[in-house]
Each structure stands twice: as structure tokens, then as C-alpha cells.
Amino acid sequence: MSEPSTVTDPADPRLADYTGLTDVELRRRREPAEGLFIAEGEKVIRRALAAGYRMRSMLLTAKWLDVMADVIAEADAPVHVVDPALAEAVTGYHVHRGALASMERRPLPDAAALLTAARRVAVLEGLVDHTNLGAIFRSAAALGMDAVLLSPDCADPLYRRAVKVSMGAVFAVPYARLDPWPAALDTVRDAGFTLLALTPAEHALDLPTLTPHPRTALLLGAEGDGLTPAAIAASHHPVRIPMSHGIDSLNVGAAAAVAFYAVTTTP
């Protein structure tokens, strides 16, 4: 058990992992380089620990000591207690959930190895918005997708905002990077997957009309731009979600959820 210790100085080096959490560029550089990520909120911290991630430290306001008592009792990492004002001074925002944990990253699996036992996977190209990425991971977990593959320029699934929006679902769905892009899509094809490129283009096939395939990979592109022509060309079929009332597209997070449901409910 780690005995919680009170910290009163925002410059205390023990709080270094938590400084400037709202600076996206800073955290994007620091966190992978230092092998850490930040889990925010009781549920997310518990899910990270349950998924086997090791805690480096925890930052709590006093009112969360009782709520997190069982986690503290089992922790082999320091627990720092701060007042809300100091937490905001260190992190750069009001930590209304009152509980943060710095966790150790794990090496990403090899994409080909990840595909071995999978039947339904999502392949994301150029997803740089952490909110959309977190929403997609949450839908992937809820709707039974087996894995998520990311192009090299996709956002970090372990960035605080993505983890928070996913409600910790980024810990439940295994993911890997595909590099180089789009040549590495051959890895997916060689594993026996049918690649379906989601696009609002009129010439695309309606997703519900496709004959189910034992192994399906759904390609989704960034909000606005969508998939690149190279990614669509590498797919077996461009597919679309039929829509009404003159609506031509959905937010990528919503489109992903609809498409995941379509491919996971087929035999």
C-alpha cells in the first residue's frame, strides 16, 4: 500500500507527469517518449489497471481518497494529494473528476499478429481528432470489433482526451499501427480480410446489401476529408450508409458505429 502524501508546491518534481495536460503538442511529444499516458476519472483509472497497465503515480484531491481507497491499498506507486486549485495550476484545467493517474505504456503489438485471431477490424486513416478517435474506440468495444488499426498519422489513442471520451474502451480493444501507409494495407488483405472503404460517394455500394464475408475490415477516414483516393483504391469495395432527407454523410464517430453494427450483426 502507498501512503498518500500531500503536495503543496505546483513545481514539485513529483507532479512532473501531470504538468500542462491541455497542451496537446507538448503531451504528444512527451508521453510516448517518456512511456506514459494519463488516465482521468475513477472508471478510467480502474479500467486501465484492470487491463494490466502499471501505475506510475496517482494525483487526487482529498474528497477522492475514500472513493479510491481500494486502489490506493493495492497501489505500489506514490499517491499525491493536492487541493483543487493546485491541481488546476499543474494540469492547466479544472480537474472536476478529481482523480488522475500516470500509467506506463506497453509496446504495441505487430499488426499481422493482431489480425491472426480477428474477424472484424476497423482501419483508420488520418484520424487526428481525439474526440472522434475516442468515440470510435468506444463503439468498437461496444459493438464487438476485434481490433483497430491506425495509419501512422492517426492521433494517439492513449492521449487523455481520447481515453476519456472512450470511457476506457481504448484498453478493451487491441490496436496497432500500419506503416508504411497505404502499402501496409496489404497486411490486412494478406490476412484474408475484405477491405470495405466507407465513403458517401454515390457510386459506392450500400453497406447492407453486401454479402457477409468471414473476415471484414472497415476503412474510415478523417472528418471532412474522408479517405484518400489511395486508401479507397487499396480496398475491395467502396461502401456507403444509405441516408434520407438529403443528408449525405455522418460524423465519422456516428458513421463508424453504424458500420460496426452492420458488419458485426451479420453471420
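Heavy-atom basis, side chains included; hydrogens, waters and symmetry copies ignored. Throughout, residue positions are numbered sequentially from 1 according to the sequence presented. Computed from a predicted model, the values in this text were never measured in an experiment.
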- What pairs of residues pass the ring pair (Phe, Tyr, Trp, His ring centres under 6.0 Å) test when at least one of them lies in residues 65-90, not counting sequence neighbours? none
- Residue pairs fulfilling salt bridge (Lys or Arg N to Asp or Glu O under 4.0 Å) with at least one residue in residues 161-172, sequence neighbours excluded: E40-K164
- R120 charged N/C atom sitting above F260 aromatic ring, 6.0 Å / 45°: no
- Nearest non-hydrogen partners of L26 and G20, listed with the distance: CD2-O, 4.3 Å
- Query: Applying the 4.5 Å side-chain criterion to the ILVMFWY set and letting contacts propagate, would M103 and V44 be lumped into a single cluster?
  - Reply: yes
- Taking side chain to side chain contact (heavy atoms under 4.5 Å, CB included) as the test, write out the residues that go with T199, two or more places apart. A201, A204, P238
- Does any non-hydrogen side-chain atom of V71 lie less than 4.5 Å from one of E42? no
- Residue pair A16 / T19: nearest heavy atoms and the distance that separates them: O-OG1, 3.0 Å
- Does the side chain of I136 reach to within under 4.5 Å of the side chain of V252, using non-hydrogen atoms? yes
- Message: For I241 versus A259, what's the shortest heavy-atom pair and its separation?
- Response: CD1-N, 4.4 Å
- Message: What I'd like to find out is whether the side chain of M68 reaches to under 4.5 Å of the side chain of V79, using heavy atoms alone.
- Response: no
Using a 3.5 Å cut-off and no angle test, enumerate the donor-acceptor pairs between side-chain atoms of residues 167-182 and protein atoms at least two apart in sequence or in another chain.
unit_1, atom_1, unit_2, atom_2, d
R177, NH1, S151, O, 3.0
R177, NH1, C154, O, 2.9
R177, NH2, C154, O, 3.4
R177, NH2, A155, O, 3.3
W181, NE1, E125, OE2, 2.7

- Task: Please name all residues satisfying side chain to side chain contact (heavy atoms under 4.5 Å, CB included) with P242, sequence neighbours left out, ordered by chain then number.
- Result: D206, P208
- Message: Distance check, rounded to the nearest 0.5 Å: L158 atom CG versus E31 atom CD?
- Response: 8.5 Å
- From L36 atom CG to R105 atom CZ, the distance as rounded to the nearest 0.5 Å: 7.0 Å
- Task: Answer yes if L219 and L210 sit in the same cluster of Ile, Leu, Val, Met, Phe, Trp and Tyr residues linked by side chain heavy atoms under 4.5 Å apart, and no otherwise.
- Result: no
- Task: Please collect all salt bridge (Lys or Arg N to Asp or Glu O under 4.0 Å) contacts where either partner lies in residues 184-199, sequence neighbours excluded, each pair once.
- Result: none
- Heavy atoms of other groups near D70 CG, more than 12 under 6.0 Å: yes
- Out of curiosity, does L149 fall in the hydrophobic cluster containing L227 (side-chain heavy atoms, cut-off under 4.5 Å, transitive links)? yes
- Task: Using the side chain to side chain contact (heavy atoms under 4.5 Å, CB included) rule, take L195 and V188 through it: C-alpha gap first, then chi angles, then the decisive distance, then the call.
- Result: CA-CA 8 Å; L195 283 163; V188 185; 3.8 Å; yes
- Task: Say whether V263 and V121 are linked into one hydrophobic cluster, either directly or through other cluster members, by side-chain heavy-atom distances under 4.5 angstrom.
- Result: no
- Item | Closest non-hydrogen atom pair, P157 against V163 | O-CG2, 3.5 Å
- By side chain to side chain contact (heavy atoms under 4.5 Å, CB included), A162 pairs with (sequence neighbours left out) H130
- Message: Among residues at least two apart in sequence or on other chains, which ones pass side chain to side chain donor-acceptor pair (under 3.5 Å) with T187?
- Response: none
- Message: Apply the hydrophobic cluster definition, ILVMFWY joined by side-chain contacts under 4.5 Å directly or through others, and give me every member besides Y159.
- Response: V24
- Query: Which residue pairs satisfy the side-chain hydrogen bond (donor to acceptor under 3.5 Å, both in side chains) criterion with at least one member in residues 138-147, sequence neighbours excluded?
  - Reply: none
- For the atom pair CG (N251) and OG1 (T131), what is the distance rounded to the nearest 0.5 Å? 9.5 Å
- Message: So which atom in F137 and which in S166 form the shortest heavy-atom distance, rounded to 0.1 Å?
- Response: CB-CB, 4.3 Å
- Message: Using every non-hydrogen atom in the two residues, find where L185 and A234 come nearest and quote the distance to one decimal.
- Response: CD1-CB, 3.7 Å
- Message: The criterion is side chain to side chain contact (heavy atoms under 4.5 Å, CB included); which residues satisfy it with E25, sequence neighbours excluded?
- Response: D23, R28, R29
- Query: Looking at CZ of F193 and NE2 of H236, how far apart are the two atoms once the value is rounded to the nearest 0.5 Å?
  - Reply: 11.5 Å
Donor-acceptor pairs under 3.5 Å, side chain of residues 56-65 to any protein atom, not counting sequence neighbours: which ones?
unit_1, atom_1, unit_2, atom_2, d
R56, NE, D17, OD2, 2.9
R56, NE, S102, OG, 3.3
R56, NH1, E34, O, 3.4
R56, NH2, D17, OD1, 3.2
R56, NH2, D17, OD2, 3.2
S57, OG, Y18, OH, 2.7
W64, NE1, R97, O, 2.9

- Evaluate the side-chain proximity of M243 to V258: yes if any heavy-atom separation is below 4.5 Å, no if none is. no
- Note on the structure: Taken to the nearest 0.5 Å, the spacing of L15 CG from L86 CG works out to 6.5 Å
- L220, L150: one ILVMFWY side-chain cluster at the under-4.5 Å cut-off? yes
- Are the side chains of T91 and I38 in touch, meaning some heavy atoms are under 4.5 Å apart? no
- To the nearest 0.5 angstrom, please state how far the CD1 atom of I45 sits from the CG atom of L100. 6.5 Å
